[in-house]
There are 2 protein chains.
Amino acid sequence: MSDADLDRLFQAFADATRRDIVARVTSGEYSVSRLAEHYAMSFAAVQKHVAVLERASLVTKEKRGREQIVRAHHDGLQRARRLLDEYETIWRQRADRIAGILAEG
Amino acid sequence: MSDADLDRLFQAFADATRRDIVARVTSGEYSVSRLAEHYAMSFAAVQKHVAVLERASLVTKEKRGREQIVRAHHDGLQRARRLLDEYETIWRQRADRIAGILAEG
DNA sequence: CTATCGTACAACCAAATGGTTGTAGATGTG
DNA sequence: CACATCTACAACCATTTGGTTGTACGATAG
């Protein structure tokens, strides 16, 4: 996974509106305009947020009639989790190393 | 945890240099200038990246003589992980719900 | 004391971000 | 058909971001 991919992924999470969109489309079915009803901003603004999430592989869009259904795409979330898990592993290794040194001394 | 806190947290992760800094200071001890040696940018730029990480509660700085030691601060990482875990939970619930419907039908 | 090192911070700049309005096209409805 | 709905996208704007250089100041070394 490239640096640019990770940049897009975390950047996508770095906005409360987008996090809310992810939460909504994960548990229910929403068109772009349905999503837009919930936020105090223009339809176009919400459209842009969805586009950011799409580029980050956090959601996909599927055309249904004249609507565009936004669906959660698990890949992005899993990748983000995996990276944070790696950091956690590094942290644990450090903690173990320190514990080892204390045990020796 | 406020929206603004989460914004800062994920924003902090949304840059390859900053992710690298987090990885480095988690496993070793680095002053700001030591960190700066590793990147193709000015000392001031690295200083700014550290400041972003500090505001996101991902690192802390501690003065030691004329140096400023950058240390990983586990809180930020844990909080980010917790949020992604919540999304994962929502996802699983959805998956279970779908599986339940399929089992019925 | 003087010079150097590590840091802090201001000023500046280009590019990206997050919002707006307006226009246009495709699809469904009376 | 005529009209409303949903979406796409361009143009624009203010603010933030990620970088730069330059200046200043405390701490250490010679």
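Per chain, numbering begins at 1; letters A, B, ... match sequence-line order. Keep in mind that what you see is a predicted model, and the values were worked out from it rather than measured.
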Worksheet entry | Protein-nucleotide distance (A/Glu62, atom CD; D/dC6, atom P), rounded to Å | 18 Å
Fill in: Nearest-angstrom distance from the residue atom CD of B/Glu37 to P of C/dC5
12 Å
Worksheet item: How is A/Ser31 classified with respect to the nucleic acid when contacts are heavy atoms under 4.0 Å: base, sugar-phosphate, or nothing?
Response: sugar-phosphate
Item to complete: Round to the nearest Å and state the distance from B/Lys48 atom NZ to C/dC13 atom P.
Response: 13 Å
Discussion item. On DNA chain D, compare the nucleotides closest to B/Ala40 and A/Ala44; which residue's is nearer the 5' end?
Written reply: A/Ala44
Discussion item. Would B/Arg71 and B/Thr26 count as a side-chain contact (heavy atoms from CB on, under 4.5 Å) here? Give the steps.
Written reply: CA-CA 7 Å; B/Arg71 293 214 167 80; B/Thr26 297; over 6 Å; no
Item to complete: Determine: side-chain N/O of A/Gln47 to OP1/OP2 of D/dT7, distance under 4.0 Å, yes or no.
Response: no
Worksheet item: Can you check the B/Arg8 CZ to C/dT17 C1' distance for me, whole Å?
Response: 18 Å
Worksheet item: Is the closest side-chain donor-acceptor distance between B/Asp20 and B/Thr17 under 3.5 Å?
Response: no
Item to complete: Mind calculating the distance between CD (A/Glu67) and P (C/dT29) to the nearest angstrom?
Response: 10 Å
Worksheet entry | Between C/dT7 (P) and B/Arg34 (CZ): distance, integer Å | 10 Å
Worksheet entry | Which residue lies more 5' along DNA chain C, comparing A/Lys63 with A/Ala14 via nearest heavy atoms | A/Ala14
Worksheet item: When the nearest nucleotide of DNA chain C is assigned to A/Gly65 and to A/Phe43 on a heavy-atom basis, which residue is associated with the more 5' position?
Response: A/Phe43
Worksheet item: Taking everything shown except B/Arg34 itself, do over 12 heavy atoms lie less than 6.0 Å from its CZ?
Response: no
Worksheet item: Just to confirm, is there a sub-4.0 Å distance from OP1 or OP2 of D/dC25 to any side-chain nitrogen or oxygen of B/Arg66?
Response: no
Worksheet entry | Full working for side-chain contact (heavy atoms from CB on, under 4.5 Å) between B/Val50 and B/Lys61 | CA-CA 9 Å; B/Val50 172; B/Lys61 285 192 297 188; 4.0 Å; yes
Item to complete: Check the distance between C/dA15's P and B/Asp15's CG and give it to me in whole angstrom.
Response: 18 Å
Practice prompt. For B/Arg18, report the nucleic acid contact type (base, sugar-phosphate, nothing); a contact means any heavy atom under 4.0 Å.
Written response: sugar-phosphate
Worksheet entry | Any B/Thr17 side-chain N or O less than 4.0 Å from OP1/OP2 of D/dG18 | no
Item to complete: Between D/dT17, C/dG6, C/dA8, spot the one nearest the side chain of B/Ser33, thanks.
Response: C/dG6
Worksheet item: Where do B/Arg92 and B/Glu88 land on the salt bridge (Lys or Arg N to Asp or Glu O under 4.0 Å) test, with the steps shown first?
Response: CA-CA 6 Å; B/Arg92 289 254 164 72; B/Glu88 189 71 20; 3.2 Å; yes
Discussion item. Once you apply a heavy-atom cut-off of 4.0 Å, does B/Ser42 come out as touching a base, just sugar-phosphate, or nothing?
Written reply: base
Worksheet item: Rounded to the Å, how far apart are A/His49 NE2 and C/dG19 C1'?
Response: 8 Å
Discussion item. Base, sugar-phosphate or nothing for B/Arg64? Non-hydrogen atoms, less than 4.0 Å.
Written reply: nothing
